[in-house]
Amino acid sequence: MQSRRERREVRPRAGWMVMGKGAGGPSAPEVGKILVVFFCLFPSVSLQCKILKCNSEFWASSSGPEEEFCTALRAYNNCVRRTARTCRGDLAYHSAQHGIEDLMSQNNCSKEGPTTQPRARTPAPPPQLQPDSQERSDGPEQCHYERSLHRQSSPPNYTYCGFFGDPHLRTFSDDFQTCKVEGAWPLIHNKYLSVQVTNTPVVPGSSATATSKLTIIFKNFQECVDQKMYHAETDELPAAFADGSKNGGDRHGANTLRIVEKVPGQKVEIHARYIGTTIVVRQVGRYLTFAVRMPEEVVNSVEDRDNQDLYLCLHGCPANQRIDFRTFRARGVEGHGPSKSRTGSPPHGFTYKAAMAKCKERLPVEDLYFQSCVFDLLSSGDVNFTMAAYYAFEDVKMLHSNKDKYHIYEKDVFGSNAAPRGSDVFSLVLLNFLSVLFIYSPLPTSSSLC
């Protein structure tokens with residue numbers, strides 16, 4: 001009889017074996033698809049680990065004829081072996097190793113042989129569409145958001161959310177915040193889709209963070225789309241969903257969910273017309289930015305109302321995660337010399353004046369996008385954050401439904417009592433002076449109180 005420990009060690013292998021040809025289970029390409037989707041649910045912990053790229057390449061090549069599966073599997077094995085040094089300790093890497101061994105055994109694949117990547121099978125072309133159309137003419141009416149509305153109803157109210165830089169958040173209600181939010185945080189979670197970001201320190205040991213990973217899950221919806229997942233991370237901005245497809249699957253309204261690569265490796269748009277939603281994902285420098293246009297009805301279709309305060313696009317960052325960049329800016333104004341980072345480390349080369357001049361090159365209006373640019377240059381010294389703020393504002397102009405609200409100013413966020421530039425320092429000095437007077441003034445005697 002096997003010990004409990006021995007039985008535990010056998011189970012993972014047994015789980016793979018039931019998927020072999022002899023077990024009457026899925027075909028080899030289907031197994032590959034299941035394998036890759038599983039790995040994508042556990043993205044790499046390290047930005048240096050490129051196992052996700054190996055997974056995507058394997059799925060694309062294993063979609064070919066059944067007889068070419070072994071060739072694709074050998075190429076996958078070589079790719080995984082090349083990541084050994086940077087992926088050691090990563091769950092997806094070790095799962096891939098064991099999965100490849102089992103698949104080779106089940107499909108009688110030799111480790112020796114050709115590894116040239118087979119040409120991926122090209123899906124049947126969709127019906128002829130107009131150049132700018134994302135819709136299938138045979139799609140059900142409920143797969144086109146605006147068409148599905150009652151004719152007597154008023155036009156939908158579109159809202160906007162953006163997340164960029166170090167990081168800065170513009171919520172669906174047009175609040176503008178600068179946040180810490182290190183680690184994984186949900187931006188959106190409703191009946192139709194979920195969006196999560198992972199933020200990592202810009203400088204080791206600093207509270208300055210920026211987005212290094214982004215995951216979007218589009219949920220099954222009626223006759224329109226299958227569930228799809230999009231995952232991006234630093235230096236990996238794919239132009240396809242995790243399963244290698246570029247639309248919503250095999251349902252009638254599949255083309256109402258589509259990915260369009262605008263600039264390879266730099267900008268991707270996802271059009272979810274069945275819910276009236278457009279998403280823009282960019283990589284600027286080493287970090288990602290996110291922007292979305294979404295109908296108010298979809299925004300408010302929250303499933304878990306007990307935890308809706310956690311969703312940043314809906315309610316903003318928690319109070320203990322917010323940063324008042326005016327205080328940080330005041331230190332720069334006070335010194336007019338090179339500013340220190342939030343860690344107190346030596347300056348990165350930008351004085352407050354130099355940061356303002358650099359941001360002016362791309363953002364001539366001194367709104368909160370300009371101020372966020374200055375903040376990011378002073379806190380990180382990374383000039384790429386200038387372009388992150390610039391593109392974030394470009395996304396606002398493309399996606400926001402109200403052109404009068406493109407710009408947001410300090411008075412809009414902090415109220416009419418927002419201090420003019422430079423007076424924050426004076427207010428701080430005055431407050432300190434009054435505190436000293438209070439501490440050193442004589443206490444009243446009991447007789448004087450009577």
Side-chain angles (χ1 to χ4, degrees), residues 36-37 40-41 43-44 47 50 52-57 59-60 120 123 126 129 131-135 158 160-165 167 169-170 186-188 192-199 210-219 225-249 254-294 298 313 384-385 387-400:
V36 173
V37 171
C40 289
L41 292 175
S44 172
L47 292 178
K50 301 301 180 186
L52 189 65
K53 185 177 180 181
C54 296
N55 296 342
S56 299
E57 290 176 352
W59 162 237
L129 303 173
D132 294 332
S133 175
Q134 301 281 344
E135 304 174 357
Y158 286 95
Y160 172 88
C161 177
F163 196 75
F164 68 98
L169 170 70
R170 181 168 179 165
L187 292 183
I188 299 170
Y192 307 101
L193 80 163
S194 299
V195 181
Q196 179 176 290
V197 293
T198 300
N199 305 313
T211 301
S212 58
K213 295 181 185 179
L214 170 77
T215 302
I216 307 171
I217 297 177
F218 296 89
K219 303 176 185 179
V225 298
D226 299 321
Q227 179 163 306
K228 293 287 178 175
M229 183 176 73
Y230 180 79
H231 180 78
E233 57 186 73
T234 298
D235 296 330
E236 293 286 346
L237 190 67
F241 293 111
D243 63 2
S245 66
K246 293 194 174 187
N247 68 2
N255 277 349
T256 58
L257 174 62
R258 293 184 65 182
I259 291 183
V260 180
E261 186 176 51
K262 292 295 185 179
V263 182
Q266 296 180 34
K267 181 184 178 183
V268 166
E269 292 181 7
I270 305 177
H271 300 273
R273 299 206 170 208
Y274 65 102
I275 52 173
T277 297
T278 301
I279 294 173
V280 177
V281 182
R282 298 179 186 265
Q283 177 168 333
V284 185
R286 296 187 62 250
Y287 301 103
L288 306 176
T289 71
F290 170 84
V292 61
R293 169 187 167 99
M294 184 179 291
V298 177
C313 277
N384 287 305
F385 283 122
M387 297 305 297
Y390 169 76
Y391 284 127
F393 186 67
E394 290 298 300
D395 291 339
V396 170
K397 291 191 290 184
M398 182 180 82
L399 299 175
H400 203 291

side-chain contact (heavy atoms from CB on, under 4.5 Å) between Asn199 and Phe163, intermediate numbers included: CA-CA 11 Å; Asn199 305 313; Phe163 196 75; 3.7 Å; yes
- prompt: Please walk me through it: do Asn384 and Arg286 pass side-chain contact (heavy atoms from CB on, under 4.5 Å)?
  reply: CA-CA 8 Å; Asn384 287 305; Arg286 296 187 62 250; 5.9 Å; no
field: Stepwise side-chain contact (heavy atoms from CB on, under 4.5 Å) test for Leu193 and Ile279
entry: CA-CA 12 Å; Leu193 80 163; Ile279 294 173; 4.0 Å; yes
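Leu257 is listed as a side-chain neighbour of Phe218, based on a closest heavy-atom distance under 4.5 Å. Residues Ile259 and Tyr230 are in side-chain contact: their nearest non-hydrogen atoms beyond the backbone lie under 4.5 Å apart. Asp235 has its side chain within reach of Gln283: a pair of non-hydrogen atoms, C-beta onward, lies under 4.5 Å apart.
Atoms CE and OG1, on Met294 and Thr277 in that order, are 4.0 Å from each other to the nearest 0.5 Å. Here the CG atom belonging to Asp395 is positioned 13.0 Å from the CZ atom belonging to Arg293, to the nearest 0.5 angstrom. To the nearest 0.5 Å, atoms CG (Leu187) and CZ (Phe290) are separated by 6.0 Å. The line from CD1 of Ile188 to CD1 of Ile217 is 13.0 Å long, rounded to the nearest 0.5 Å. Taking CD1 of Ile216 as the start and OG of Ser194 as the end, the distance is 10.5 Å to the nearest 0.5 Å. The structure places CZ of Arg258 at 13.0 Å from CD1 of Ile270, a figure rounded to the nearest 0.5 Å.
Not one N or O on the side chain of Glu269 forms a donor-acceptor pair closer than 3.5 Å with the backbone of Thr278.
Classified by interplanar angle (parallel below 30°, tilted 30° to 60°, perpendicular above 60°), the ring pair Tyr160/His400 is tilted.
Within 6.0 Å of OH in Tyr391 there are 12 or fewer heavy atoms belonging to other residues, nucleotides or ligands.
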